[in-house]
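Below is one structure, written out as structure tokens, with a few remarks after it.
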Amino acid sequence: MTFGKGHHLHLIDGSAFIFRAYHALPPLTRKSDGLPIGAVAGFCNMLHRYVEGNTGPDAPTHVAVIFDKGSHTFRNDMYDLYKANRDAMPEDLRPQMPLTRSATEAFNIACKEKEGFEADDIIATLAVQARAAGGQCTIISSDKDLMQLVGDGVEMLDAMKNNRIDREGVFAKFGVYPERVVDVQALAGDSVDNVPGAPGIGIKTAALLINEYGDLDALLERAGEIKQPKRRQTLIDNADQIRLSRRLVQLDENTPLDFTIDDLEVRDPDPETLLGFLAEMEFRTLTKRIADQMGKEAPVIADAPAAPDAPVVADLPFDPEKYEQVSDAAALQRWIDAIYEVGYVAVDTETTGLNEMTAELVGISLATQPGTACYIPLIHKAGASDDLFGSEDLAEGQMKTEDALRMLTPMLEDPAILKIGQNMKYDAKIFAQIGITVAPFDDTMLMSYAQHAGLHNHGMDTLSERYLSHTPIPIKPLLGSGKSAITFDKVPLDKAVQYAAEDADITLRLWQFLKPQLHSAQVTKVYETLERPLVPVLAAMERSGVKVDRDTLSRMSNAFAQKMAGLEDEIYEIAGRKFNVGSPKQLGEILFDEMGIEGGKKGKTGAYATGVDILEDLATEHELPARVLDWRQLSKLKSTYTDALQTHINADTGRVHTSYSIAGASTGRLASTDPNLQNIPIRSEEGRRIREAFIAEEGKTLVALDYSQIELRILAHIADIPALKEAFERGDDIHAMTASEMFDVPMDEMTPDIRRRAKAINFGVIYGISGFGLARNLRIPRSEAQGFIDRYFERFPGIRTYMDDTKAFAKEHGFVQTLFGRKIHTPEIASKGPRAGFAARAAINAPIQGTAADVIRRAMIRMPDAIKDLPATMLLQVHDELLFEVEKGHEDALIDAARDVMENASDPVVKLAVKLTVDAGKGANWAEAH
DNA sequence: GACATCACG
DNA sequence: GACGTACGTGATGTCC
């Protein structure tokens, strides 16, 4: 078959795949011999995902993966500094390079490279040939150097983001169409490849110049006509360097190749070769997945001899057929006996829903050793799940719930038996509903969180894939989705047993794997003092809930609706037509296209940005954006708060029960969901009134206590800033003090505006400040913002040291730590480009935010005991605030007790050089209490 | 389901 | 020297 019209060539940028794979995965090694294998694993996964996605009319007829070969190319002969500032290839990546070639061949995909040429040149040559033959070509890469090739049958595809780049996409990136990309690159240069370009000229300016003069040659010829003197001189002085740069970025479309496109025809992989390679690499999950898809038996991957200090995990295969259904007392007794034999058991509950307040217990699964697990169904319904009306009759083969619980409760509450769960808070709440207190327990989710926060999430699917190389049975096929979804009690028993028992089995295996590592990772203390003890505390808070007055919300909702309708009329009037005010896309078109307002900026999706910042700027000149801002505020308040909150009021309790995720935020903070009660409005007057709907029960009062400036105090301690510490000791207004120090204004002459600036800088420091960010926040020129920052560092030199030290620590270890030993991993700190900047700022922020999170966790854990003699309940946590409900008359006693716990929460583990101060308030509702 | 927007600390 | 930039979250509506 000769390549031509109707054919489609795919060219995969192999190096891009490799580096993405390398940075996306932790440094995995092959179990049997420790060979670094992470990049190969990621590479194979990407290749497999790519092949899977190749269906439909657009599928390629020809494909090749193109690699770079050697580091010396013809460009180095032109310019010896080309790519000279590239970091050397990481030690553990080098041995993986040949393996990625083998992997490509194992997938039976053509694999091409050529000494002295970059992959980009080969890609260029093939793309041009494909175009000349009248075929289509897709380059799978997001490398901007390839963008010059786009157009006329050639396009690019970012496989990770599934983002196609055509001529317009290139224009969005470079400000010129593909045929002029080289000109722009020649001017702008490229720091990554060390292409010099013209000093002081970036892509924006380059595109401007090229568009004005047509092309680079014309520009250089007529450089004397450029108006800006500096720019003119730069171009005149550097003309040779610019021409050299153009030769460097220009891809060679005539690379001599010893093959043709016809040799790249798509071929099916040979199962034996592919599976053999994957097995040799010891990719258990991928081997099995691909074997299943091909309908082949997965080759056996030999168990590696465990390294002496590696935890021993039984590598027993998962077999859903081996799980037992427990149907009677005799069988259950055998399980209980087995549990007492070993002293621990993995427990998992199945219920009718995810909301522990309303969910009903459907069954319980137990596991005592890997592969040995059972499911005790309790209220599964009889009849097929496709029965139109369902059946209310219970299925055969189930114990009565009360009989089963009577036998299980002593074990669940027995201090001698350790109960192991994955996200035990959920199961503990289900059991608490029926009066059972599960203790003691371990939680595999929290063990993973203590060790790996920042690396990945800690759901069972993730942990099982990562640490057991096993994909759990998915729940979706059992329950369905959308309207036709059923609850677990409708799942046929045979399927239910396999699914439920497997969860307990996985949990037990994870525990065996993760528990011993707590110690070696030195996070046992974190797990034992900050994670596990918080579970029962949060469970109790969530079960308590907070009383919310539906009438108040409903009245506010109506008021908002009326105001919104009025605003909509005004908005349509100004716009001259009706449109959906809630659609940023339509709003952008109205503002910038139809009304012709200047300064519309398009984001990466090509839509105009219409965020608050932009609308606020426009609002000084125009009516419409001002009205839209008002409308948006009301819309937010109505939909997210006054309306949605009502649906969360529990019918039985009349209260709202949030759920806190303990292992969600990487820094150690909690997160509140369903509903989120950590973002109830307060900053605007209108929004603040929503807190009036959060009320105390009759005869009770709400009490709120919050840490004052906890993060700045922690910063003062960690970075050891005497001036800050002294100011906190004196009880000064910290932002005013900072302002006075920085701007040489005496405290008694402080103005609100100067203080506001200092406050922004104080917060900026906590976030890993940048001149750009501060400038945007304060809406001042960047140079001025940078001046403030310089001044700040000068006055408080410890801050810069802290920032530099923290970054260096993160680079060296891949994580940072809080004062209490919590680890927050920052894997991206090693990456190049803007990602590293993000990671660096996150690394600077994490010890501060994380230590504050640890402090309030410690307070919460001690709180139940400290207030046990008071008629008070802890209801909510909002990062630096705790909300309580207390019987009238006991408010002050509660404040005294709770404040004492909070202010001394770091004792005795960490002796803070700055005292922690807690403000308190009380009232009939949350607005008053705060 | 991605994206934009906006609520909180 | 330019790049793209404040930290951490969750919920909602639009649009594909």
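Quantities reported herein were computed from a predicted structural model and do not represent experimental measurements. First the proteins, then the strands, lettered A, B, ... as listed; each starts at 1.
- A distance of about 14 Å separates the P atoms of B:dT5 and C:dA6, rounded to the whole Å.
- Looking at heavy-atom distances under 4.0 Å, A:I766 makes no contact with the nucleic acid at all.
- Nucleotides of DNA chain C lying under 4.0 Å from heavy atoms of chain A occupy a range whose first and last members, 5' to 3', are C:dG1 to C:dC16.
- Within a 6.0 Å radius of NZ in A:K563, other residues, nucleotides and ligands contribute 12 heavy atoms or fewer.
- Of the residues near DNA chain C, A:N777 and A:S672, the one whose nearest nucleotide (by heavy atom distance) lies more toward the 5' end is A:N777.
- Looking at heavy-atom distances under 4.0 Å, A:S770 makes contact with a base.
- Base contact: A:R782 has a heavy atom under 4.0 Å from a base atom.
- By the 4.0 Å N-to-carboxylate-O rule, A:R691 lies too far from A:E928 to be salt-bridged with it.
- Backbone-only engagement by A:A644 is indicated by non-hydrogen atom pairs under 4.0 Å involving sugar-phosphate atoms exclusively.
- Counting non-hydrogen atoms under 4.0 angstrom, A:S635 reaches nothing in the nucleic acid.
- Remark: A:D190 engages A:K144 in a salt bridge, criterion side-chain N to carboxylate O under 4.0 Å.
- For the pair A:R841 and A:F838, the cation-pi test (distance below 6.0 Å, angle within 45°) is passed.
- Counting only heavy atoms from C-beta outward, the side chains of A:I856 and A:H879 never approach each other to under 4.5 Å.
- Counting non-hydrogen atoms under 4.0 angstrom, A:G582 reaches the backbone sugars and phosphates but no base.
- Comparing A:D190 and A:G764, the nucleotide of DNA chain C nearest to each residue sits closer to the 5' end for A:D190.
- Between A:V628 and A:L615 the shortest side-chain heavy-atom distance falls below 4.5 Å.
- Between A:Y572 and A:F579, the angle of the ring planes goes over 60°, which puts this pair in the perpendicular group of the 30/60° scheme.
- Taking 4.5 Å as the limit, every side-chain heavy atom of A:K425 sits out of range of all side-chain heavy atoms of A:L534.
- Nucleic acid contact class of A:G189 (heavy atoms, under 4.0 Å, all strands): none.
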**OP:** Take nucleotides 4-9 of chain B nucleotide by nucleotide from the 5' end and write B, S or -, depending on whether a protein heavy atom sits under 4.0 Å from the base, only from the sugar-phosphate, or from neither.
**Re:** SSBBBB

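- Using a 4.0 Å heavy-atom cutoff across all strands shown, A:A760 reaches at least one base atom of the nucleic acid.
- Side-chain contact check for A:Y660 versus A:T658: some heavy-atom pair is nearer than 4.5 Å.
- Figure legend: A:K602 and A:Y608 shown as a cation-pi pair, the cationic atom lying under 6.0 angstrom from the six-membered ring centre and within 45 degrees of its axis.
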Subject >> Bracket string, DNA chain C, 5' to 3' - pairs by Watson-Crick or G-U geometry under 3.5 Å, | interstrand >> reply: ......|||||||||.

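- Using a cutoff of 4.0 Å between basic side-chain nitrogens and carboxylate oxygens, A:E168 and A:K173 are not scored as salt-bridged.
- Straight-line distance between the C1' atoms of B:dA7 and C:dG4: roughly 26 Å, to the nearest whole Å.
- Looking only at side-chain heavy atoms (C-beta outward), A:V581 and A:L587 stay at 4.5 Å or farther from each other.
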